[in-house]
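Report on the structure given below.
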There are 4 protein chains.
Amino acid sequence: MIYFLSDYSQGAHPKVMEALERTNMEHSNGYGVDEHCEHAAEIIKAMIGLDECQVYMMVGGTPCNVTTIAASLRPYEAVIALRTGHAYFHETGAVEATGHRIVAMDGINGKMTPEIIDKAWEEYEDEHTPLPKMVYISQPTECGSLYSKEEMTAIRNTCLEKNMFLYVDGARLGAALTAEENDLSIRELAQLCDAFYIGGTKNGALFGEALIITNREIDDHFRFMMKRQCSLLAKGRLIGVQFEALLEGGENSIYFEMAAHANEMAKIIRDELSSLGIEFYGVSQTNQVFPILPASIVTELKKEFAFYEWAPEKDGKISIRLVTAWGTKKEEVECLVQAIKQLYQR
Amino acid sequence: MIYFLSDYSQGAHPKVMEALERTNMEHSNGYGVDEHCEHAAEIIKAMIGLDECQVYMMVGGTPCNVTTIAASLRPYEAVIALRTGHAYFHETGAVEATGHRIVAMDGINGKMTPEIIDKAWEEYEDEHTPLPKMVYISQPTECGSLYSKEEMTAIRNTCLEKNMFLYVDGARLGAALTAEENDLSIRELAQLCDAFYIGGTKNGALFGEALIITNREIDDHFRFMMKRQCSLLAKGRLIGVQFEALLEGGENSIYFEMAAHANEMAKIIRDELSSLGIEFYGVSQTNQVFPILPASIVTELKKEFAFYEWAPEKDGKISIRLVTAWGTKKEEVECLVQAIKQLYQR
Amino acid sequence: MIYFLSDYSQGAHPKVMEALERTNMEHSNGYGVDEHCEHAAEIIKAMIGLDECQVYMMVGGTPCNVTTIAASLRPYEAVIALRTGHAYFHETGAVEATGHRIVAMDGINGKMTPEIIDKAWEEYEDEHTPLPKMVYISQPTECGSLYSKEEMTAIRNTCLEKNMFLYVDGARLGAALTAEENDLSIRELAQLCDAFYIGGTKNGALFGEALIITNREIDDHFRFMMKRQCSLLAKGRLIGVQFEALLEGGENSIYFEMAAHANEMAKIIRDELSSLGIEFYGVSQTNQVFPILPASIVTELKKEFAFYEWAPEKDGKISIRLVTAWGTKKEEVECLVQAIKQLYQR
Amino acid sequence: MIYFLSDYSQGAHPKVMEALERTNMEHSNGYGVDEHCEHAAEIIKAMIGLDECQVYMMVGGTPCNVTTIAASLRPYEAVIALRTGHAYFHETGAVEATGHRIVAMDGINGKMTPEIIDKAWEEYEDEHTPLPKMVYISQPTECGSLYSKEEMTAIRNTCLEKNMFLYVDGARLGAALTAEENDLSIRELAQLCDAFYIGGTKNGALFGEALIITNREIDDHFRFMMKRQCSLLAKGRLIGVQFEALLEGGENSIYFEMAAHANEMAKIIRDELSSLGIEFYGVSQTNQVFPILPASIVTELKKEFAFYEWAPEKDGKISIRLVTAWGTKKEEVECLVQAIKQLYQR
């Protein structure tokens with residue numbers, strides 16, 4: 001079986017494992033107050049060109065989203081997100097569990113726009129309605145698409161006009177930053193939002209994400225919020241150690257190398273399938289590919305390849321999700337492409 | 001100033017006031033455990049033809065909605081409602097404050113349908129998504145429209161298929177039950193849902209609603225839930241006394257008389273404005289009328305009449321909401337119609 | 001049956017009923033934004049000598065407590081209260097339902113002290129513990145005792161030192177203000193706390209309490225909080241109308257007259273029973289009396305008088321709670337005293 | 001610096017690291033639905049002698065406690081715990097964040113008793129008070145003490161009488177099971193409670209705990225609860241892999257070996273300090289030692305040894321907490337004992 005199931009189905013990059021081994025018998029303070037977390041934070045601050053931010057080492061993406069949203073909103077405030085946004089679509093109401101509405105909107109190619117934010121605001125009236133205070137988006141989106149610098153800036157400006165925070169879920173941020181069509185650097189991103197995270201789980205960490213809060217208003221007793229939301233790891237240094245390994249070297253680090261590789265593998269699939277005349281669900285620009293295939297071909301493919309069916313499409317076709325990762329081998333990609341070609345030729 | 005602002009801008013029907021006066025110096029147990037609440041519950045049980053239900057005297061509609069929803073759902077469960085539904089649209093996230101998502105859907109003429117419920121279920125997948133467990137609708141809807149027996153039965157069947165509760169917000173239930181086009185009796189309604197309330201606030205009570213829970217599964221320690229959700233009134237008997245006065249005589253009670261009057265007043269407005277060629281927002285069948293008027297006429301009308309602007313419409317027109325109530329006088333309605341006629345003739 | 005069950009077992013003072021009757025057919029804006037609520041607020045502001053506060057008309061005491069606490073605390077913050085405090089002891093975890101801990105402490109004669117606050121703070125450490133941010137007390141206490149000006153000032157100073165809010169539950173505030181031994185005026189009280197309420201339900205209103213927030217920090221979008229917590233009444237003016245009637249005339253108003261009467265009735269009971277050598281649970285100084293009686297006498301008394309048993313005491317005795325109210329008649333008190341005397345003489 | 005700071009200051013047992021390395025490049029399903037988690041669950045079921053339970057791989061102890069409590073209680077229900085209990089004392093109100101009260105009680109030597117449970121129930125009355133539904137205890141306790149089989153059985157019986165669940169926090173369960181004075185096997189423990197966890201973080205895992213739910217009533221859609229409470233790890237297999245390594249061999253596994261070693265190291269400290277006439281805070285029977293030392297000696301000790309000060313004691317003394325772990329070397333213990341001896345001889 002060859003896996004295109006997800007970018008978290010394998011463990012960690014060897015250098016991450018090595019760092020965990022090397023530091024294994026060190027004694028550290030618990031709960032993320034240690035030298036490794038501190039050092040990882042310094043690397044990140046240098047990389048994003050901001051000194052005045054806070055970096056928190058988090059166990060996973062849902063804890064990042066939920067803790068930041070709960071820390072940012074007053075009880076009567078809401079967050080605007082897309083129905084395809086991870087915090088709405090795939091976190092079992094964990095945001096609502098903290099007492100806040102997600103105003104759920106339909107996106108365009110998986111993306112938020114100023115117009116969609118305006119539309120969400122139409123629901124706001126006065127004390128009888130929740131007050132929108134934050135916009136939640138993902139870069140890249142859950143559909144693999146990217147916000148351009150211009151698009152992100154437009155969203156940011158809308159947020160500023162409306163006195164809202166902007167939060168960016170970066171579960172696959174590496175894939176965005178190394179995408180061919182990306183024109184939004186991490187430095188620019190950090191300037192354009194109030195908080196975002198650099199995803200480790202889906203790009204070669206064993207687990208863990210680095211949450212960056214650039215707006216002091218959100219950063220109030222954040223460690224209390226982490227503990228209250230069950231997201232303060234006892235051996236916090238584990239995440240610090242991993243991000244040291246992942247990001248050492250900045251743009252030349254294994255973090256960027258792995259993400260670029262995943263994108264490259266996806267591009268091969270996308271290009272090859274396009275040349276077969278295959279169409280795609282949405283416009284993915286990163287390490288996810290959503291080809292629309294006849295059901296019979298999907299059935300055949302499943303015998304040798306692991307992937308998710310995405311959605312039923314017209315004419316009895318099905319879109320599937322193929323995810324490449326740092327561990328995806330070129331042979332595996334070629335094997336997949338070959339298999340699809342053969343199935344099409346039958 | 002003549003008022004078409006709301007059906008809760010005045011106090012209570014004189015017979016309600018009289019009942020409160022008459023019982024004022026009685027001593028009762030607190031918190032709704034008294035003879036008046038018991039008697040009111042008996043009247044209601046007889047009226048709906050159900051013996052095995054529970055009746056709770058509630059302070060207002062939001063407490064009814066929120067307490068019932070919070071009592072019905074496990075933490076990971078969600079309620080499906082329309083974006084125009086009161087619990088979504090006008091309660092400041094009070095449902096989410098109890099930790100539950102409202103899956104918010106677009107309705108058709110203010111109404112839910114089995115297809116909309118199916119669409120909401122498309123968001124459900126597995127443990128990564130909230131599990132829909134209840135459908136929330138209003139009879140009549142917030143737009144004044146009505147569910148027919150057939151429509152309500154279809155929704156009910158969908159709920160049963162999907163193992164969901166059906167809850168009906170009856171803030172203006174009197175208006176529904178006495179509407180010309182209504183074919184759904186209160187007995188049938190009681191059979192078709194798991195819980196609903198008979199609204200007092202908007203039909204001649206000083207305040208208060210009677211919540212009926214027909215499904216034992218929901219009725220678990222409900223009084224604990226009421227207290228926890230701040231909706232257990234110390235002098236609970238006040239609501240019992242009012243519902244005794246409102247419902248004594250069943251279908252011949254002042255409750256039905258008042259609602260019928262409000263509908264009749266609305267019908268006059270609707271018919272007269274229709275005859276002027278005026279169009280309406282949605283299809284109200286009860287005591288709310290939503291004519292679409294030129295902005296200039298709205299401005300003029302506001303000098304003498306109190307009402308809410310509803311929504312901007314095309315061609316610079318505005319829909320306004322005119323609400324009639326038990327206290328609306330025929331002269332007031334005629335005065336309004338006359339004024340609009342004159343403004344149209346200028 | 002003669003009632004000493006509670007101070008909310010009867011309806012409202014005739015002047016309150018009269019005011020509700022008189023205004024019954026007026027049209028008002030909903031949700032407490034009307035002239036009566038405004039006027040009542042002005043009366044209150046004049047009475048407490050503060051112009052810069054906010055007054056909110058609330059349906060009941062639990063909504064006051066819960067809404068204010070939820071509005072005052074950040075998610076990780078806690079409120080310190082006594083185990084006998086109403087918000088801890090008798091509100092079914094409604095505070096915890098908003099996500100906050102009540103740090104529950106044992107009191108001294110029903111009262112909080114700076115030492116108890118210090119002790120509660122011993123539980124605080126760092127991000128692993130909730131941060132105490134508010135002290136909740138009642139004046140008079142649930143045991144009928146009073147805070148002197150000195151005691152209240154000491155608590156206030158402790159709060160200021162520790163950067164905490166002080167909230168005073170005034171469900172029976174009238175009884176405190178008119179107690180013989182009281183030396184704390186409402187003006188002083190208003191200065192010494194950040195929020196408090198003037199209870200109506202237990203002193204001659206049909207229902208409703210007037211919440212006064214003197215600290216702007218708490219008063220952030222409070223009406224949003226009210227709606228979210230199910231405590232914004234549609235016909236809000238009902239509470240305004242009642243407080244106009246209750247407080248018109250300030251210290252000469254029926255509010256003070258009724259409370260003084262209730263205290264006086266309690267004093268007769270207390271004095272007469274003392275003279276029989278009967279001891280009391282705690283040291284009530286207001287309209288609650290807690291005599292400790294032999295179980296056999298309690299059994300006999302119950303045949304003619306309605307009251308609650310409070311707690312088992314030593315030697316097979318029982319403390320009972322006798323509550324007097326504005327509606328308690330002197331004959332009723334005499335009848336009770338006479339009955340106890342006779343039972344003791346047997 | 002020699003560390004007696006905590007049992008989670010180092011990484012993982014080499015065999016755990018090796019297992020993570022060995023499986024690193026395997027592809028697995030996410031979120032704990034994989035062969036390693038399944039295999040670890042089988043090992044655990046065999047070890048506790050129960051087939052009909054569920055095993056969930058959790059990221060940490062707080063997620064275990066909070067998710068289980070939130071899954072077990074209806075909104076109006078409460079959990080009884082000691083003020084020294086971790087869920088009360090050191091989790092920043094994470095339980096209350098889910099809307100539930102912890103009824104906080106004083107313990108006896110860190111332990112719960114049937115009498116304490118009875119006392120907590122005195123606060124319960126009716127719908128005005130939360131309904132206690134669960135007892136939370138830790139084995140060993142946060143003070144290092146142990147419940148005997150008799151004590152645990154007595155608590156269990158009280159829970160059964162009162163229709164309450166019993167939950168056991170096993171953050172240091174290994175230390176309990178291998179303690180010299182322990183008479184409660186893991187099989188017996190599993191029979192006596194409704195849910196408990198086997199702590200990994202504090203006994204040689206990199207991170208992670210294995211939660212065992214033996215009562216089906218609690219086990220309702222538990223994975224939904226995990227996701228909602230932010231405690232479902234994407235690469236769930238990581239925890240499964242670790243518990244395979246930790247528990248392979250059952251009672252002869254490294255899990256028991258490591259815990260026994262930690263206890264042994266603690267015993268040396270305890271015996272040696274006792275022989276110096278030093279007294280202890282509480283009666284620890286496991287891998288925590290709480291000697292009471294003169295402040296001056298504490299100051300000196302801190303120069304070479306890392307540990308927490310616990311509490312101020314009388315006569316200017318201080319209790320400190322010394323924690324031993326699987327990684328504690330005998331030389332380190334001897335060095336500590338030697339240092340204290342010398343400081344005492346000065």
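Chain letters run A, B, ... following the sequence lines, proteins first and then strands; every chain starts at 1. What's counted below: heavy atoms across the whole structure, side chains too, no hydrogens, waters or symmetry copies.
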field: C:A70 versus A:P75, closest heavy-atom pair with distance
entry: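 Closest pair (atom of C:A70, atom of A:P75, distance): O-CG, 4.1 Å.
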- prompt: Of the non-hydrogen atoms in A:T129 and C:F224, which two are nearest, and what is the gap between them?
  reply: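 Closest approach of A:T129 to C:F224: O-CE2, 3.5 Å.
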- request: Using non-hydrogen atoms and a 4.5 Å limit, figure out which bit of A:D126 sits close to chain C: side chain, backbone, both or neither.
  value: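 For A:D126, the backbone is the part near chain C, not the side chain.
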message: Under 4.5 Å from any heavy atom of chain C, what part of A:F222 do you find: side chain, backbone, both or neither?
response: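 When you check distances to chain C, no heavy atom of A:F222 falls under 4.5 Å.
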- request: Would you indicate whether A:Q54, at its atom CD, is surrounded by more than 12 heavy atoms from other residues, nucleotides or ligands within a distance under 6.0 Å?
  value: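 Yes.
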field: A:E35 atom CD, neighbour heavy-atom count above 12 within 6.0 Å
entry: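 It does not: A:E35 CD has 12 such atoms or fewer within range.
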Option passing side-chain hydrogen bond (donor to acceptor under 3.5 Å, both in side chains) with A:Y76 (candidates C:K227, C:R228, C:Q229, C:H221):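 Single pass found, and it is C:H221.
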Gap between atom CZ of C:R74 and atom CE of A:M225 - 0.5 Å precision: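 Separation between the atoms: 6.0 Å.
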field: Sub-4.5 Å side-chain heavy-atom contact between A:L232 and C:H128
entry: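 Touching, per the 4.5 Å side-chain cut-off.
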